[in-house]
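Here is the structure we will look at.
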Amino acid sequence: MSRRPMVRPGGRSARVQEAVHAAVRELEAESGREALTVPQIAARAGVTPSTIYRRWGDLRELLSDVAVERLRPEVPPENRGGLEADLEAWAEQFLDEMSSPPGRAYIRDALLGDPDGSNAGQCSAYAADQIDVILGRAAERGEPVPDVERVLDGVVAPMMYRILFRPGLLDPAYARRLVDDLLG
């Protein structure tokens, strides 16, 4: 499915990925994204440029890989005690993070270096996993729950459309309306 080999939890491959990702983040913070070059990243990471080209192909694919990693949620969704409250809180946070300038840049990078769609699929899986946690908690409480795909289609997809194509029309009330429409 993925064009890149799976990384073992340890070993040289994982250390290289970690060092290269860290180098990208550091150099981007110091000089800006436009100034990044593969030789510069390789030098900072302590690897050869050929290591980066062999593993990622080019700078665009490397930036895409870094963006996907940065879009990975760091914590489980907040538990507010009910499906509607949980989904609204998650949707508001998702919208805020993804519509921020860094979030929009990560989305753009994730998609630009993604010729086969695997990075987009991974980003979608992150959202689906978070939604699944929310729905699982609601089901345990005995609440009726929609399936994950319905939430993706009714909440995430319209938000992503707005983030990408109509960014001036975003606010927390929009995220809450989407959840209300889904559950109403």
Side-chain angles (χ1 to χ4, degrees), residues 1-3 21 24-25 27-29 31-36 56-138 143-184:
M1 175 178 355
S2 175
R3 67 189 174 287
H21 280 216
V24 168
R25 290 189 302 271
L27 290 166
E28 187 175 21
S31 308
R33 186 182 177 291
E34 296 74 27
L36 293 176
W56 285 281
D58 62 19
L59 180 60
R60 182 179 287 176
E61 287 189 40
L62 170 58
L63 293 176
S64 182
D65 192 49
V66 171
V68 169
E69 191 60 34
R70 291 178 111 177
L71 290 169
R72 178 191 307 268
E74 295 177 4
V75 296
E78 186 178 348
N79 185 350
R80 293 201 171 175
L83 177 59
E84 185 171 8
D86 288 358
L87 269 179
E88 285 181 351
W90 179 83
E92 287 179 30
Q93 180 180 355
F94 181 87
L95 183 62
D96 182 58
E97 290 175 2
M98 295 298 120
S99 65
S100 70
R104 290 172 50 84
Y106 298 148
I107 292 167
R108 183 182 58 247
D109 284 347
L111 298 176
L112 282 175
D114 188 26
D116 67 2
S118 61
N119 287 346
Q122 184 59 59
C123 292
S124 178
Y126 294 155
D129 290 347
Q130 294 270 295
I131 292 164
D132 194 48
V133 168
I134 292 168
L135 298 179
R137 287 192 305 233
E143 296 178 75
V145 297
D147 67 15
V148 171
E149 289 301 316
R150 189 152 173 253
V151 178
L152 287 170
D153 290 344
V155 177
V156 177
M159 285 194 295
M160 290 303 294
Y161 178 85
R162 291 268 178 113
I163 289 165
L164 293 171
F165 300 113
R166 299 188 69 167
L169 303 172
L170 299 171
D171 62 21
Y174 174 67
R176 289 191 302 274
R177 254 190 336 274
L178 292 172
V179 171
D180 290 346
D181 289 348
L182 173 79
L183 298 178

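Residues take their numbers from the sequence shown, with the count starting at 1.
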Side chains of Leu63 and Arg33: does their closest heavy-atom pair fall under 4.5 Å?
-> yes

Given Glu88 and Arg177, is the salt bridge (Lys or Arg N to Asp or Glu O under 4.0 Å) satisfied, shown in steps?
-> CA-CA 9 Å; Glu88 285 181 351; Arg177 254 190 336 274; over 6 Å; no

Straight-line distance of Leu164 CG to Met98 CE, nearest 0.5 Å | 11.0 Å

Side-chain atoms of residues 124-133: list all donor-acceptor pairs with protein atoms under 3.5 Å, sequence neighbours left out, distances to 0.1 Å.
{"from": "Tyr126", "atom 1": "OH", "to": "Arg72", "atom 2": "NH2", "distance (Å)": "3.3"}
{"from": "Gln130", "atom 1": "OE1", "to": "Trp90", "atom 2": "NE1", "distance (Å)": "3.4"}
{"from": "Gln130", "atom 1": "NE2", "to": "Val75", "atom 2": "O", "distance (Å)": "3.4"}

Between the side chain of Ser100 and the main-chain N/O of Glu97, is any donor-acceptor distance below 3.5 Å?
-> yes

Counting only N and O atoms by type, is there a donor-acceptor contact under 3.5 Å from the side chain of Asp86 to the main-chain atoms of Ile134?
-> no

So which pairs with a foot in residues 153-170 pass side chain to side chain donor-acceptor pair (under 3.5 Å), sequence neighbours left out?
-> none

Between atom CG of Leu62 and atom CG of Leu36, what is the distance when rounded to the nearest 0.5 Å?
-> 8.5 Å

Are any non-hydrogen side-chain atoms of Leu83 and Pro144 less than 4.5 angstrom apart?
-> no

Rounded distance [0.5 Å steps], CG in Leu135 versus CG in Leu87 = 6.0 Å

Derivation of the side chain to side chain contact (heavy atoms under 4.5 Å, CB included) call for Glu92 and Val179 | CA-CA 10 Å; Glu92 287 179 30; Val179 171; over 6 Å; no

Pro77 versus Arg137, closest heavy-atom pair with distance | O-NH1, 3.1 Å

Spell out, as yes or no, whether a donor-acceptor pair under 3.5 Å connects the side chain of Glu61 to the backbone of Gly113.
-> no

Verify side chain to side chain contact (heavy atoms under 4.5 Å, CB included) between Asn119 and Leu111, making sure each step is shown before the conclusion.
-> CA-CA 7 Å; Asn119 287 346; Leu111 298 176; over 6 Å; no

State the CZ-CZ distance between Arg25 and Arg70, to the nearest 0.5 angstrom.
-> 6.0 Å

What is the minimum heavy-atom distance between Pro158 and Gly154, and which atoms define it?
-> CG-O, 3.4 Å

Scanning both residues in full, the closest heavy-atom pair of Glu143 with Gly81 reads OE2-O, 4.4 Å

Nearest heavy atoms of Leu182 and Val151, plus distance in Å = CD2-CG2, 3.7 Å

Any Val24 side-chain heavy atom under 4.5 Å of His21 side chain | no

Under 3.5 Å, is there a donor-acceptor pair linking the side chains of Ser64 and Asp109?
-> no

Taking all non-hydrogen atoms of both residues, which atom of Glu84 and which atom of Asp180 are closest, and how far apart?
-> OE2-OD1, 2.6 Å

Can you list the steps and then say if Phe94 with Met160 is a side chain to side chain contact (heavy atoms under 4.5 Å, CB included)?
-> CA-CA 10 Å; Phe94 181 87; Met160 290 303 294; 4.0 Å; yes

Look at the side chain of Ser99 and the backbone N and O of Ile163, then say whether any donor-acceptor pair between them is shorter than 3.5 Å.
-> no

